[in-house]
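Chain identifiers are assigned alphabetically (A, B, ...) following the order of the sequence lines, protein sequences preceding nucleic acid strands; residue numbering begins at 1 within each chain. What you are looking at is a predicted structure, and each value in this text was computed from that prediction instead of being measured. Reckoned from all heavy atoms, side chains included, excluding hydrogens, waters and symmetry mates.
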There are 2 protein chains.
Amino acid sequence: MTIPQQRARATVHDVAAAAGVSRGTVSRVLNGGYVSPAARSAIEAAIQSVGYVPNTAARNLVRQRTQAVAFLAHEPHPLFLEDPNIGSVMLGANEALSLADYQMVCLVIDSVRDTERVSRYLAGGFVDGAIIVSARSHDPITRAVTRLALPTTFVGHPPDLGTMPWVGIDNVAAAREITTRLLSTGRQRVAMIAAALDRDSGADRLEGFRQALGERFDPRLVAEVPLYEYGGGLAGMEELLRREPAIDGVFAASDAVAAGALEALRSAGRAIPEDVGLVGFDDSTWARRSRPALSTVHQPAAGLGRRAAEVVLAQLRGEEVERGGILLDTPIVWRESA
Amino acid sequence: MTIPQQRARATVHDVAAAAGVSRGTVSRVLNGGYVSPAARSAIEAAIQSVGYVPNTAARNLVRQRTQAVAFLAHEPHPLFLEDPNIGSVMLGANEALSLADYQMVCLVIDSVRDTERVSRYLAGGFVDGAIIVSARSHDPITRAVTRLALPTTFVGHPPDLGTMPWVGIDNVAAAREITTRLLSTGRQRVAMIAAALDRDSGADRLEGFRQALGERFDPRLVAEVPLYEYGGGLAGMEELLRREPAIDGVFAASDAVAAGALEALRSAGRAIPEDVGLVGFDDSTWARRSRPALSTVHQPAAGLGRRAAEVVLAQLRGEEVERGGILLDTPIVWRESA
DNA sequence: GAGTGGTCTGTGAACGTGCACACACTCTGC
DNA sequence: GCAGAGTGTGTGCACGTTCACAGACCACTC
């Protein structure tokens with residue numbers, strides 16, 4: 001006998017038979033409606049004794065909704081492993097959905113095969129809505145949800161989002177603000193390690209830095225690295241120190257980059273924050289873990305997830321939602337590194 | 001008009017009408033069976049033109065399976081944010097499930113409310129099986145899957161698992177092996193920073209250390225810290241140096257702990273690996289990121305996920321699976337820190 | 001005592017599929 | 001010409017729910 005013994009699950013019919021009532025009455029106990037105390041207690045006892053659990057597939061079929069929302073993480077390889085934010089976004093979304101009694105189901109897309117299967121999954125009526133993080137431009141999934149008219153909210157905003165609602169932060173303003181704060185500590189030669197300039201977040205942070213410096217902006221004091229990475233920070237800082245040894249302030253495009261820069265500065269014999277003030281971006285574990293702890297911009301990751309979930313829930317309630325973006329606050333967290 | 005216009009989805013009836021055939025023939029095109037080339041192409045054209053996507057709820061109802069497997073992450077707060085392994089486990093599982101054309105749906109449990117809802121979700125027939133990571137003892141979810149007879153595999157093994165299949169690593173052997181390797185570099189006073197002794201992984205790693213030292217084991221050279229954390233490594237190492245300044249080798253219970261220890265050793269003016277050899281456990285990003293890079297035990301996180309998925313798939317195929325645990329190899333990765 | 005309104009219950013019809021079965025047609029070989 | 005095999009197609013039922021409807025019963029009130 002190789003096939004595991006799977007006893008047939010109890011249905012609403014079994015409960016009705018055991019309680020001596022009809023299906024309709026059982027359904028009313030489950031979903032509300034007039035039902036006598038006697039019948040109710042008989043049915044509740046019957047549910048217990050036969051071990052009844054409603055079959056959600058059948059319920060979904062007739063109700064045309066599933067009480068579940070997808071959380072889509074694209075290309076998670078670098079993200080899950082390196083980006084400490086995505087977990088927080090996910091937990092924030094889960095919290096808001098949970099409160100509304102929705103089940104969050106997280107789907108990861110890691111290959112072309114996944115893209116197709118996830119499209120089918122979304123189209124198949126498994127979920128009532130979706131939250132999508134880290135979508136790329138011309139993402140087939142974006143097309144799929146558009147075609148399906150599936151209530152969706154994005155976290156971050158790829159350029160071809162159209163009128164889809166999204167939640168994000170104002171990278172320009174946040175970068176401008178922390179740079180200004182760094183300047184206010186009296187630094188004279190302030191540099192930036194810019195990263196991921198091909199993404200809007202990367203480009204925007206550089207723009208904010210430029211705005212804060214105004215007239216004093218010097219392109220020689222900007223090092224560019226491809227990714228938000230420790231290694232990039234290390235290399236970028238070494239490059240900057242070669243170009244201008246008198247640097248006394250650095251804005252790194254992320255905390256990971258800042259951690260790399262810190263290592264380079266330390267190797268070069270610079271004291272932080274005495275010789276050089278250093279600030280990051282994200283308020284991730286990198287920032288708290290560093291010695292000295294990093295001054296940084298708090299990225300409200302959990303809030304982004306929570307807010308995205310709320311926008312999806314609003315759509316599900318049939319409410320009109322603001323098309324376009326919602327920007328969340330990014331408070332500055334001042335610690336020891338500047 | 002507040003309710004978004006959701007055009008009715010096309011059903012198999014619409015396709016049949018458009019193609020001038022019956023439902024049955026459409027179903028055969030979708031699921032295999034005899035169908036003439038003429039009918040087939042007419043139906044395929046009709047599917048395109050009406051934009052038909054099968055309703056999975058209805059399909060699941062009649063097929064009694066969903067082609068989806070749950071990935072359950074319990075208490076993700078510390079895990080998702082701190083543990084770099086869980087993401088890899090998840091990606092490994094996704095890879096194996098994807099290959100078998102199963103959809104992985106990840107569910108996070110973050111509160112009592114979540115526990116109940118997830119139990120309902122699992123019971124509701126949304127998934128055919130489950131992979132559970134980081135389950136605790138007396139976990140209500142463990143009870144739920146047992147009662148449901150849902151094909152399940154655990155990653156790691158809480159003590160009350162019963163006959164449930166699980167996948168894990170041999171912490172005792174791995175710890176013994178890396179300690180032996182460390183001793184073979186000629187170290188005389190080898191200490192351990194043990195962590196999470198309330199979990200079997202933590203206790204097992206200490207036991208492996210003890211076995212490797214044999215007669216030379218000295219309880220004074222074991223510092224105990226509560227969690228696999230950077231902070232714990234820092235404090236534990238400081239404590240050990242106070243007890244025995246002549247330490248020349250350290251086995252830290254995880255890479256994060258080792259990173260903390262590294263910081264403490266550096267502050268105390270010890271050169272790594274010249275004065276003190278240091279080894280960790282996990283082969284996480286911590287290990288590669290550290291300066292010097294850590295020698296450590298490779299935890300086959302993706303392999304654990306993959307293997308767990310395979311065991312679930314085997315159960316789904318009705319195969320008899322080995323009750324009890326499957327242990328994966330944990331090769332030693334020798335880098336610069338010892 | 002008939003009408004009225006509220007409370008409670010059972011029944012039938014969906015929801016959109018897949019599958020078993022029955023049937024129709026064509027071809028082969030005798 | 002006819003049985004039998006092989007190929008292609010349509011129909012009815014089942015899956016387990018929810019929901020609308022109809023109806024039964026029980027006070028009340030006029």
Nearest-nucleotide 5' precedence on DNA chain C, B:Gly24 against B:Ala57: B:Ala57
A:Phe126 and B:Phe126 aromatic ring geometry - parallel, tilted or perpendicular at 30°/60° bounds: tilted
Short side-chain N/O contact from A:Asn55 to OP1 or OP2 of D:dT17, under 4.0 Å: no
Difference in axis direction between the ends of the helix from C:dG1-D:dC30 to C:dC30-D:dG1, five pairs, 10°: 60°
First of A:Val21 and B:Ala58 reached from the 5' end of DNA chain C, by closest nucleotide: A:Val21
Nucleotide D:dA20, atom P - distance to OH of A:Tyr34 in whole Å: 14 Å
Gap between atoms OH and C1', on A:Tyr52 and D:dG16 respectively (whole Å): 7 Å
Separation of D:dT17 P from A:Asn60 CG (nearest whole Å): 12 Å
Point-to-point distance, once rounded to the nearest 0.5 Å, from CG of B:Leu313 to CD1 of B:Ile131: 7.5 Å
Approximate separation, where rounding is to 0.5 Å, of B:Leu316 CG and B:Leu97 CG: 9.5 Å
Interatomic spacing from CG in A:Asp139 to OG1 in A:Thr115 - rounded to 0.5 Å: 7.0 Å
Leading and trailing nucleotides of DNA chain C with any atom under 4.0 Å from heavy atoms of chain A: C:dT7 to C:dG16
Contact under 4.0 Å: B:Ser22 side-chain N or O vs D:dT11 OP1/OP2: no
Heavy-atom neighbours of A:Arg117 CZ exceed 12 at 6.0 Å: yes
base_contact_polar (D:dG12 base, B:Arg23 side chain, donor-acceptor, <3.5 Å): yes
Integer-rounded Å distance: D:dC15 P and B:Arg65 CZ: 17 Å
D:dG10 OP1/OP2 closer than 4.0 Å to side-chain N/O of B:Thr25: yes
Pairs flagged by ring-ring contact (aromatic ring centres under 6.0 Å, His included) wherever residues 9-28 of chain B is involved - sequence neighbours left out: none
